Amino acid sequence: MAKFTENFLWGGATSASQYEGGCLEGGRGLSHMDYIRRVEKEDKVKVFPINVTAAMLDEHKKHEDDYNFAFRRGSDFYHRYKEDIALLGEMGFKTFRMSISWSRLFPTGLEEKPCTDGVAFYHNVFDECHKYGIEPLVTMIHYDIPIYLTETLNGWESPKLIDYFLHYTKFIIDEYKDEVKYWITFNEINMVMNSSYLGGGMLVEKSDKTAESCIHQALHHQFIASALTAKYFHEHAKSSMVGNMIARLQNYAYTCNSADVLAAQQQNQFNFFPTDVQVKGYYPSSILNYYKKQNIEIDWYPGYEKILREGTVDFAAISYYHTAVISAEEDKKEPIGAFIRNLKNPYNKITDWGWGIDPTGLRITLNDMNDRYGVPIFIVENGLGAHDELTKDGKVHDAYRIDYLREHIKAIGDAIDDGCQVMGYTPWGCIDLVSCGDCQMTKRYGFVYVDADDQGNGSYDRYRKDSFYWYQKVIRSNGEDL
Ligand code: BG6
């Protein structure tokens with residue numbers, strides 16, 4: 001029996017800041033991502049690049065010309081979009097997830113009128129997709145804030161971002177609504193809780209609030225911006241769908257001791273809460289309670305309850321990479337909401353970057369979400385970041401990636417069999433791009449290899465990996481031939 005519906009959206013995912021490049025062309029302004037750079041200490045201990053501080057940002061600004069900013073190059077999609085989309089077409093993609101760069105259209109975020117070159121670029125990209133029967137799936141913001149807004153307003157800490165964002169989103173909805181059927185407002189809206197610079201374009205040390213209050217304030221502004229966008233979307237793009245998205249982390253109890261089970265439940269509630277707000281249209285009481293207990297102070301946006309109620313989304317999207325193990329014991333406790341966890345799951349193999357591989361966790365998550373929300377679920381990111389080797393004859397033998405994806409697709413099929421409503425699957429980085437957390441090309445996810453290294457050396461030529469042909473077969477057989 002075929003598990004996947006006939007219109008199941010097979011595809012792949014990218015983001016402008018990690019893939020597009022062409023950072024100063026066509027009048028584009030710089031974004032906060034363009035100031036993230038990979039730093040390795042002499043002893044090779046890696047410094048996580050995404051947690052930019054005010055001091056780092058000042059230093060990076062002084063070295064505009066001589067520091068290596070990999071996100072500014074991406075994989076050069078800006079110049080190679082025709083070649084890339086042809087490759088996606090060859091694989092048989094039904095959809096292609098990409099994001100629009102806010103600063104390509106509104107360089108500082110404040111302009112009244114958008115850059116015409118930027119507007120034309122995305123029309124060209126969508127046209128090219130349609131030539132191959134590919135429906136674009138567009139994320140309105142994927143970690144991509146005009147740097148001017150970070151520097152002058154401290155990013156999403158300020159309610160003014162809501163107005164600037166709405167100016168941008170209303171423009172793209174009006175301009176592209178006939179070319180794009182599927183949209184997502186914010187990529188991984190919960191990420192601001194783990195990296196305030198990456199997810200919120202903020203420097204928490206510049207805020208008058210405590211770090212936690214600043215973060216939840218920013219998240220509140222993002223919820224409002226998303227809800228007002230969704231409302232406008234429903235009024236103006238009636239034949240299209242808009243979703244939200246979180247980085248989903250399925251949390252398991254360390255033992256069957258009820259204290260551990262409760263701790264895991266709390267982590268799951270916390271991880272789900274942004275989707276609760278965006279699908280159900282209100283803050284869950286567990287979170288409001290948490291705010292009270294932790295003295296988290298929010299300046300509630302006027303009329304926010306009505307705005308959230310009226311701005312719910314049509315589908316719930318997730319990224320899914322790994323699961324986590326939670327204990328209530330003092331020495332094993334993790335801060336609530338933290339994404340990187342120390343407790344290992346002995347039943348999971350791990351990737352070269354230490355991420356646990358857990359396809360069944362995806363089936364569990366899909367079932368949980370299906371019961372909780374009752375809207376279609378879209379897995380818009382999943383995949384294996386790995387070291388790939390390009391052979392002399394231009395091949396990449398990535399059987400490990402095929403194994404990983406096969407098991408996850410089986411888990412999705414099983415979840416559909418359980419009764420879950422899953423609308424599509426777009427594995428991450430379908431063409432190699434710059435890793436977000438590590439700011440490097442070395443961590444590759446794609447079906448297509450891009451000949452570039454961490455410093456930006458290389459031809460940027462594209463090569464089909466073994467997984468390219470495998471995924472082509474999967475799509476052709478609608479998930480039957482794995
Ligand atoms: C998701 C992000 O969290 O994970 C992507 O939405 C990111 O932008 C992906 O690239 C994989 O993470 P990483 O750090 O391996 O690039």
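Whatever order the structure lists ligands and atoms in, that order sets their numbers, starting from 1. Please read all numbers here as calculations on a predicted model, not as lab measurements. Worth knowing before you read on, the calculation uses all heavy atoms, side chains too, and leaves out hydrogens, waters and symmetry mates.
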Practice problem: Kindly indicate whether a cation-pi arrangement holds for K443 with W428, taking the cut-offs as under 6.0 Å to the six-membered ring centre and within 45° of the axis. | Solution: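 Ring-cation test returns no.
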task: Would you verify whether the NZ or CZ of R464 falls within 45 degrees of the ring axis of Y449 while also being under 6.0 Å from that six-membered ring's centre?
output: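 Not satisfied by the 6.0 Å and 45° rule.
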E205: partners by salt bridge (charged side-chain N to carboxylate O under 4.0 Å, His left out), with sequence neighbours left out =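 Checked E205 against salt bridge (charged side-chain N to carboxylate O under 4.0 Å, His left out); zero matches.
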Original post:
If you count only heavy atoms, which residues are under 4.0 Å from ligand 1?
Top reply: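 Contacts of ligand 1 under 4.0 Å: Q18, H142, Y143, N187, E188, Y321, W355, E381, W428, S435, C436, G437, K443, Y445.
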**Request:** Could I get the full list of side-chain hydrogen bond (donor to acceptor under 3.5 Å, both in side chains) partners for N124, not counting sequence neighbours?
**Result:**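 side-chain hydrogen bond (donor to acceptor under 3.5 Å, both in side chains) list for N124, sorted by chain: empty.
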With S195, which residues qualify under side-chain hydrogen bond (donor to acceptor under 3.5 Å, both in side chains), at least two apart?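 With neighbours one apart ignored, the set is N51.
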Notebook entry, point to check: Looking at I412 and L366, what are the two nearest heavy atoms and their distance?
Noted result: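 Where I412 meets L366 most closely, the heavy atoms are CA-CD1, 4.2 Å.
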